[in-house]
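Here is the structure we will look at, set down as structure tokens.
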Amino acid sequence: MNAVTHPMEDILRMDRMPHIWCPGCGIGTAVTAFAMALQKAEICLDKTAVVSGIGCSGRVAGYVKLDSFHTTHGRAIPFATGLKLANPELTVVVISGDGDLIAIGGNHFIHAARRNVDIKVFCINNFNYAMTGGQLAPTTPEPATTTTSPYGAFEHPFNLPFLAESSGAVYVARWTALHIRRLTKSMTEALSKKGFSFVEIIAPCPTLYSRRNRLGDGLDELKYYHDNSVIKHGLDTRELDIGYRKEIVMGKFVDKDRPTFIEALNDRFTQVFGDKYEQYGPQNANGN
Amino acid sequence: MRTEIRFSGLGGQGIILSGIIAGKAASLFDHKHATMTQSFGPEARGSACSAQLIVSDEPVFYPYITKTHVLVSMSQDACDKFLPDLIAGGTLLVDEDLVNLRSRSGSFKMFEVPATRYAEELGNRILGNLVMLGYFSAITRTVSPESFKKAIPGSVPQRYLDLNIHAFDRGFEHGISQGKQKKNKKSAKVIEER
Amino acid sequence: MKADPKGVLTGAHFLDGDHACAEGALAAGCRFFAGYPITPSTEVAERIALRFPLVGGIFIQMEDELASMAAVLGGAWGGKKSMTVTSGPGFSLMMENIGLAAMTETPCVIVNVQRGGPSTGLPTLPGQQDMMQARWGSHGDYEIIAVVPNSPQECFDVTIEAFNLSEEYRVPVMVMMDECVGHMTEKVVIPPAEEIEVFNRRLYDGPKQDYLPYAVDSDNGRVPLMANAGAGYRFHVTGLTHDERGYPAMNAEVQQECVTRLVDKVKLNTHAIARYEEEEVEEADIVLVAYGISSRVAMRALEMARADGIKIGLFRMITAWPFPEERIRQIAQHVNSFVMVELNLGQMVTELERCVAGAAKVHLAPHAGGWVHHPEDILQIISEATT
């Protein structure tokens, strides 16, 4: 066989290409980084599942050749929680957007982090709701315009790494879609990390966010990242607000350990029941 | 034969548990049909509460009391509230230290036991409901004492099982000896004031 | 298949409906539970929380009912028989993900211990006002199965059946209890595990490259074979309209095929799914139709009416959805009238009217909830119906 194969063929659903994302969109880059991370992390692809919510980033699940779930708006994290707890031998990754994970799904985000459910959450942040035509998101910087903030946003946006850390995440990093190598490294680390791990990916949305704010095309956005981003590993996450066209601070901010939901559950029940209790874990998976 | 029983008192006296133990005894060990219901509400400890128990030889469809045959009251409030529903000729069992009936009207057989006082003598007033159940069994015979003895284990904390059985026996004996005295007097204490 | 003895509390117990439902779930093999406390259903969750650690089950109290329902779907795809329990307000919050369960054909059981509504309504008092919501609550066309137990024993029995149906048809099954049945305590006999029939998920085990997650063939009827996550089939599941591969296909043709099958797999199997009980229906001039607690109150009214010399029967639904349409049509041919007894102002009665289609008169004994009917009030409607 001499046929040329795509290097990602084992990870992407080639029969679903081309994808729906716009030229210049950052989601494809994030998917590429994820695919490379999967290869680097050397985890069993048959035991890896991706869960997405709704939105442009919500479509990621449909393009990865893994067990993949395209769920309802905002509910990727609780779905992933159920999946992971029911089958602890799975590596469960949530890939979705800022609106999906942090607005409608915000409550689930903080609680999953608090419980330290062993899932990886990769949030693609393009500062607006793109799938529906570019509306205000909980991440839209003041005073960017969107279709529902036509006179400029005036609500203060969330600082996602700070939200993640203060809710209990054990791994927190942020990169832009320009910083593929570092992003891939963070994703790889997150995939091997035990516990609620969070990576924010700042991504261009040329069709809506950039156009409406007259910021040029996808390449212009990458130039902005190039000129305005700085790496400050370990910086206090309180310092990570992103102002409109201001500096973007990137890096790995949190990497610590604490018991996951299942570890805490096993500890507790062992204390209470002693030998009568059988540890809950991968052996409890009911596979085919 | 369908007997409709209401256990009543204050939240915290173990009234609902009385209904559960009596129902369990009747259905699992006397092999009758028994349905227990309770009023659920935002009531806290200290307010009037009750458990309704139907014991029947036939399957129970309608699960609620329509005419009370037996009213068990462990508080004045509960007695005041539920006594009007007691049928003529019905049976009223009260904790004599907690319920005062002098101004009652109606026609029913009344029986009194110092349930809470006996419980305190046994070391814990929370056992008052078990004393009352023993008394209930002795007086009404709706549920046999043997079945009660089988129903109590598993319904109360294991470490207090003996104490609960003692409390039951105390109430039961009180009922039996009262019965003997009454036989001698040839009449139960029947209140008939109109 | 027989039940796993680990979860079966064999013996005679004196249990309320909520606890009996929890034991039914355990016996059925439920090993994943996600829920959020709400009166009057909380006792189900409490008992599961108490019992799960020693049977290898996972219990999680979620942050709300949206999360609970989503987690239940995740649990199901993770390979566990999964359940949640709620009451009116929480049921409303679950609706979107119940739709996702219907669309993705995810087996799961939702218990609703109904209280009086709308809104916060009567948290501690009964209602049967979510019957239409059970059927139509999520958007779009789909079918679900709903069972309506009338005693603690039946709460145990139908919860097992709910899991079995849910796995067999890959459909959300709702156990529509009511506060009265949930909080009523009676004898519940739990048989030995080897006497309990459970239906375990039909899993695909063919070659990986041939797996089509939503394909059906003559062997499996209208229900596709499932693969659990992690089994190596690397399938895609979406709430979007999808083709046999599970891939989004947004056009009218695929929509027609996909949604029609979701409906047909339940509707065309009504004869196999719907269960009911009859009390002297053949000889009756007038038939009471009731379910849940109302059926027990209706029984009292029936006895009173018989004493008055009325030829009356009772049709008790054990399955509310799919509605036992065919049997109602048959009965309608020989009775003069039906009286529907339900704790709402007219829900299942509309289905009854639809099926009777004018062949007999249909009356409603309505009740806004908060308590059960006075049997005398039902009797009054019966006498009106006989004139």
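This structure is a prediction, so every number in the text was calculated from the model and none was measured. Naming: A, B, ... by sequence-line order, numbering from 1 per chain.
A salt bridge links C:Lys208 to A:Asp46: at least one charged side-chain nitrogen sits closer than 4.0 Å to a carboxylate oxygen.
For C:Asp141, the CG atom sits in a loose shell: 12 or fewer heavy atoms of surrounding residues, nucleotides or ligands are nearer than 6.0 Å. The number of heavy-atom neighbours closer than 6.0 Å to OH of C:Tyr214, taken from other residues, nucleotides and ligands shown, is above 12. Residue A:Glu278 qualifies as open at atom CD: its count of foreign heavy atoms under 6.0 Å is 12 or below. Atom CD of C:Glu257 sits in a sparse spot, with 12 or fewer heavy atoms from other residues, nucleotides or ligands closer than 6.0 Å. Residue A:Phe158 qualifies as open at atom CZ: its count of foreign heavy atoms under 6.0 Å is 12 or below. For CZ of A:Arg268, the number of neighbouring non-hydrogen atoms (other residues, nucleotides, ligands) closer than 6.0 Å is 12 at most.
The heavy-atom pair separating C:Phe32 from A:Gly82 by the smallest distance is CZ-CA, 3.6 Å. Shown here for A:His73 and C:Glu96, the closest heavy-atom pair between the two residues is N-OE2, 4.1 Å. Across A:Phe79 and C:Leu73, no two heavy atoms sit closer than the pair CE1-CB, 3.5 Å.
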* To do: Could you walk me through whether A:Val64 and C:Arg234 pass the side-chain contact (heavy atoms from CB on, under 4.5 Å) test, one step at a time?
  => CA-CA 9 Å; A:Val64 292; C:Arg234 302 222 219 154; over 6 Å; no

* Begin from the C-alpha positions of A:Asn284 and C:Lys80 and carry the test side-chain contact (heavy atoms from CB on, under 4.5 Å) through to its verdict. => CA-CA 10 Å; A:Asn284 294 79; C:Lys80 297 272 192 289; 4.3 Å; yes

* Apply the test side-chain contact (heavy atoms from CB on, under 4.5 Å) to residues A:Arg13 and C:Arg245: give CA-CA distance (whole Å), side-chain angles for both, the deciding distance (0.1 Å), then the verdict. => CA-CA 12 Å; A:Arg13 294 186 194 278; C:Arg245 298 171 298 173; over 6 Å; no

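Among A:Leu90, A:Val272, A:Asn107, the residue with the largest count of heavy-atom pairs under 4.5 Å with chain C is A:Asn107. Ranking C:Gly75, C:Gly57, C:Gly99 against chain A, the residue ahead of the rest is C:Gly75, based on heavy-atom pairs under 4.5 Å. Between chain C and the residues A:Thr91, A:Ile54, A:Asp67, A:Leu45, the largest count of heavy-atom pairs under 4.5 Å involves A:Asp67.
Contact of the A:Thr72 side chain with the C:Met103 side chain is not registered, since no non-hydrogen atoms from C-beta on lie closer than 4.5 Å. Looking at C:Phe52 and A:Tyr280, their side chains never come closer than 4.5 Å, going by heavy atoms from C-beta outward. Using a 4.5 Å heavy-atom cutoff, the side chains of C:Ile60 and A:Phe261 are in contact. With contacts defined as side-chain heavy-atom distances shorter than 4.5 Å, the pair A:Arg16/C:Pro248 qualifies. Two residues are said to be in side-chain contact when any heavy atoms from C-beta on lie closer than 4.5 Å; A:Leu265 and C:Ile58 meet this criterion.
Only the side chain of A:Phe269 comes within less than 4.5 Å of a heavy atom of chain C; its backbone N, CA, C and O stay farther away. With a threshold of 4.5 angstrom between heavy atoms, A:Ala80 does not approach chain C through any atom at all. For C:Ala67, the parts lying under 4.5 angstrom from a heavy atom of chain A are both the backbone and the side chain. In this structure, the portion of A:Phe273 lying under 4.5 Å from any heavy atom of chain C is its side chain and not its backbone. Neither the backbone nor the side chain of C:Phe33 comes within less than 4.5 Å of any heavy atom of chain A.
No side-chain donor-acceptor contact under 3.5 Å links A:Arg75 to the backbone of C:Ala70.
In this structure, the ring of A:Tyr63 has its center no less than 6.0 angstrom from the ring center of C:Tyr247.
Ring geometry for C:His236 versus A:His70: interplanar angle under 30°, hence parallel rather than tilted (30 to 60°).
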